Protein chains: 2
Amino acid sequence: MVERNVHKDSVIPLYHQLKEILREQIANKTFKPHEQIPSEPELQKKYGLSRATIRKAIDGLVREGLVYRRHGKGTFVAEPEGRQTITLDSFSANMRALGFVPSTQVLEARLLREEEPELAQKLGLEPGEQLVRLQRLRFLDGEPILLATSYLPASLFPGLDEEDLTGSLYLVLAEKYGVTPAWGEDFIEPAILSEEEAKLLGANPGSPALLVERHAYTADSDIVEVCFSLIRGDKAKFYLKHNS
Amino acid sequence: MVERNVHKDSVIPLYHQLKEILREQIANKTFKPHEQIPSEPELQKKYGLSRATIRKAIDGLVREGLVYRRHGKGTFVAEPEGRQTITLDSFSANMRALGFVPSTQVLEARLLREEEPELAQKLGLEPGEQLVRLQRLRFLDGEPILLATSYLPASLFPGLDEEDLTGSLYLVLAEKYGVTPAWGEDFIEPAILSEEEAKLLGANPGSPALLVERHAYTADSDIVEVCFSLIRGDKAKFYLKHNS
DNA sequence: CAACGCAACTTGTACGTACAAGTGGACAAG
DNA sequence: CTTGTCCACTTGTACGTACAAGTTGCGTTG
């Protein structure tokens, strides 16, 4: 087992290198849940860094919820969440991690010309530029939960409408096009299911639902996807954890 | 116009005092959107603090999305965009920062004995222990937006039902009881307004709304508050930004 | 034996310094 | 006029120190 260490001459900041080392050690259970990680002075000695740098690294892990501090006692590995923190990660992988069996039915996947100006503006499209419209129905344990309608700029993803999209969309984007969403925004509002939507979701028309509009971006803030998800209110809640 | 300043001998950390001062100045448009705020050296001189403390204060504002930094250029006030990043901070202060005029009507504030076992369990109450029930109607620019029903353990906050709660609840908790929520969880689901709720919120019965159940905790993971917020769907969306 | 106080650990806050790196304007050279 | 250099400014990273404050255990003292 090699002990990773920081590289003082790397372009990557030292605090970031240390953060990744600690994250790795938490992931591979070198430090187990509720176990104390080495104290700040110990980490100073071990990695030859100043306390400010050590703290900046741990600060990041605290914000991500991987560890928690106790004044006067130490820093400890957090309990892995049984619930789902909302992330940009794959819906499929997340749900499998929670013990569900996810599946997907592709309702539509085709190229369109710009239609609504509002949508074109959100996607940053030039007039007349093409976009991909993708409508998918997602199931957990065979039960329909979510109706997702995605729009992506066609210029970034040529031939996307021909791909197999019954799995993870983000996996296809990463593997076929080398594009990974780095950050995103969600707008959540309540909705009431129409006749058609209720039929697809196997629910009653007029029953409450959540409409989540997601905008996903690359690290360079290029838009990757605009997605409208309609979620059955009786089957799912939106969970969000925040650290201050 | 009095210029607020930090109090070196206060129990509240200097970086937190500065953060609140800057937040207030953003709220009252001393610094306008996309305007540059004073550089770190300037803030050092003005408040007599070290750069590390200045940066820690600004770090917090960056995380909340109130300002953004540009390497080599400066730090700038973010565009409000009418949306709110969900944080544990004061509703009032955040809304003021976005250019709204918030106000609050207290509908109820009283001591109760444990009622529902489910609620008592969420609050970690012993059988027979008392709790405070607090129901408040919150307005933006005079328009009712949100109906919040909070439950707090009475043992932690003696006399809370006698306090003035038309402002920030969290400010009262901090100043009178020395309790600051450090992290929290939200559970968001869609709802449909009942006759009574619609009346209070000035909306139509049967119209869609968001129900947000918030659990707030101290750094020691003691429960501070369980709050159910009913938000008018036609007036507000829930905004969430995530960085991966 | 019990209670208190102290020492040794932890993290929290705050100060100082230094240099790297990105930005933009002034200014001189071509 | 254009280009390139340099300088003055900004934020980013990293080092050091110091003391406050919470926790725990050990040992002394009553």
Side-chain angles (χ1 to χ4, degrees), chain A residues 5-22 31 34-63 66-78 219-220 243-244, chain B residues 5-22 31 34-63 66-78 174 178-180 182-183 218-222 243:
Chain A
N5 205 337
V6 295
H7 302 92
K8 293 255 181 185
D9 49 353
S10 165
V11 290
I12 298 168
L14 296 173
Y15 72 88
H16 191 269
Q17 295 183 42
L18 176 58
K19 196 171 117 183
E20 293 311 312
I21 290 174
L22 294 175
F31 307 135
H34 299 292
E35 231 180 59
Q36 188 173 7
I37 71 172
S39 73
E40 294 166 3
E42 276 169 15
L43 290 171
Q44 277 189 71
K45 271 197 297 185
K46 177 158 185 181
Y47 293 101
L49 300 171
S50 73
R51 192 168 159 223
T53 305
I54 304 283
R55 280 186 69 82
K56 184 154 187 178
I58 297 179
D59 279 348
L61 297 176
V62 169
R63 258 196 304 135
L66 264 75
V67 301
Y68 57 94
R69 297 196 223 249
R70 285 290 172 271
H71 190 175
K73 297 183 72 174
T75 304
F76 304 84
V77 177
D220 298 328
N243 308 294
S244 142
Chain B
N5 207 336
V6 295
H7 302 93
K8 292 256 181 186
D9 48 354
S10 165
V11 291
I12 298 168
L14 296 172
Y15 72 87
H16 192 268
Q17 294 183 42
L18 177 59
K19 195 171 118 182
E20 293 312 310
I21 290 174
L22 293 174
F31 306 133
H34 298 292
E35 228 179 63
Q36 188 172 5
I37 71 172
S39 73
E40 294 167 4
E42 276 168 15
L43 290 172
Q44 277 190 69
K45 271 195 297 183
K46 176 158 184 181
Y47 293 101
L49 300 171
S50 73
R51 192 171 158 222
T53 305
I54 304 281
R55 278 185 70 81
K56 184 153 186 179
I58 297 179
D59 279 348
L61 298 176
V62 169
R63 262 195 299 135
L66 261 76
V67 302
Y68 57 93
R69 299 195 222 248
R70 285 291 171 271
H71 191 176
K73 298 183 72 174
T75 304
F76 304 84
V77 177
V179 172
T180 308
W183 63 280
T218 66
D220 297 329
S221 296
D222 293 327
N243 309 292

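Proteins come first, then strands; the chains are lettered A, B, ... in the order of their sequence lines, and each starts at number 1. Since the model is a prediction, treat every value here as computed from it, not as a measurement.
- B/K56 meets the salt bridge (charged side-chain N to carboxylate O under 4.0 Å, His left out) test with no other residue; sequence neighbours excluded.
- For A/E35, there are no salt bridge (charged side-chain N to carboxylate O under 4.0 Å, His left out) partners at least two apart in sequence or on another chain.
- Between A/I54 and A/E42 there is no side-chain heavy-atom pair separated by less than 4.5 Å.
- Using a 4.0 Å cutoff to heavy atoms of chain B, the contacted part of DNA chain C runs 5' to 3' from C/dT13 to C/dG24.
- Listed by chain and residue number, A/Y68, A/E79 satisfy the side chain to side chain donor-acceptor pair (under 3.5 Å) test with A/H34 (two or more places apart in sequence, or in another chain).
- Across all strands shown, B/R70 has heavy atoms under 4.0 Å from sugar-phosphate atoms exclusively, and none from any base.
- Scored by the side chain to side chain donor-acceptor pair (under 3.5 Å) test, A/Q44 finds no partners at all (sequence neighbours excluded).
- For B/R69, the salt bridge (charged side-chain N to carboxylate O under 4.0 Å, His left out) partners are B/E40, B/D59, not counting sequence neighbours.
- Taking the C1' atoms of five terminal pairs at each end of the helix from C/dC1-D/dG30 to C/dG30-D/dC1, the two resulting helix axes are inclined by 10°, rounded to 10°.
- Note on B/Q44: nothing from the nucleic acid sits closer than 4.0 angstrom, heavy atoms only.
- For B/Y15, the side chain to side chain donor-acceptor pair (under 3.5 Å) test picks out no residue, with sequence neighbours left out.
- For B/V67, the side chain to side chain contact (heavy atoms under 4.5 Å, CB included) partners at least two apart in sequence or on another chain are B/I26, B/I58, B/L61, B/V62, B/T75.
- Among the atoms of the strands shown, only primed sugar atoms or phosphate atoms (P, OP1, OP2) are found under 4.0 Å from some heavy atom of B/T53.
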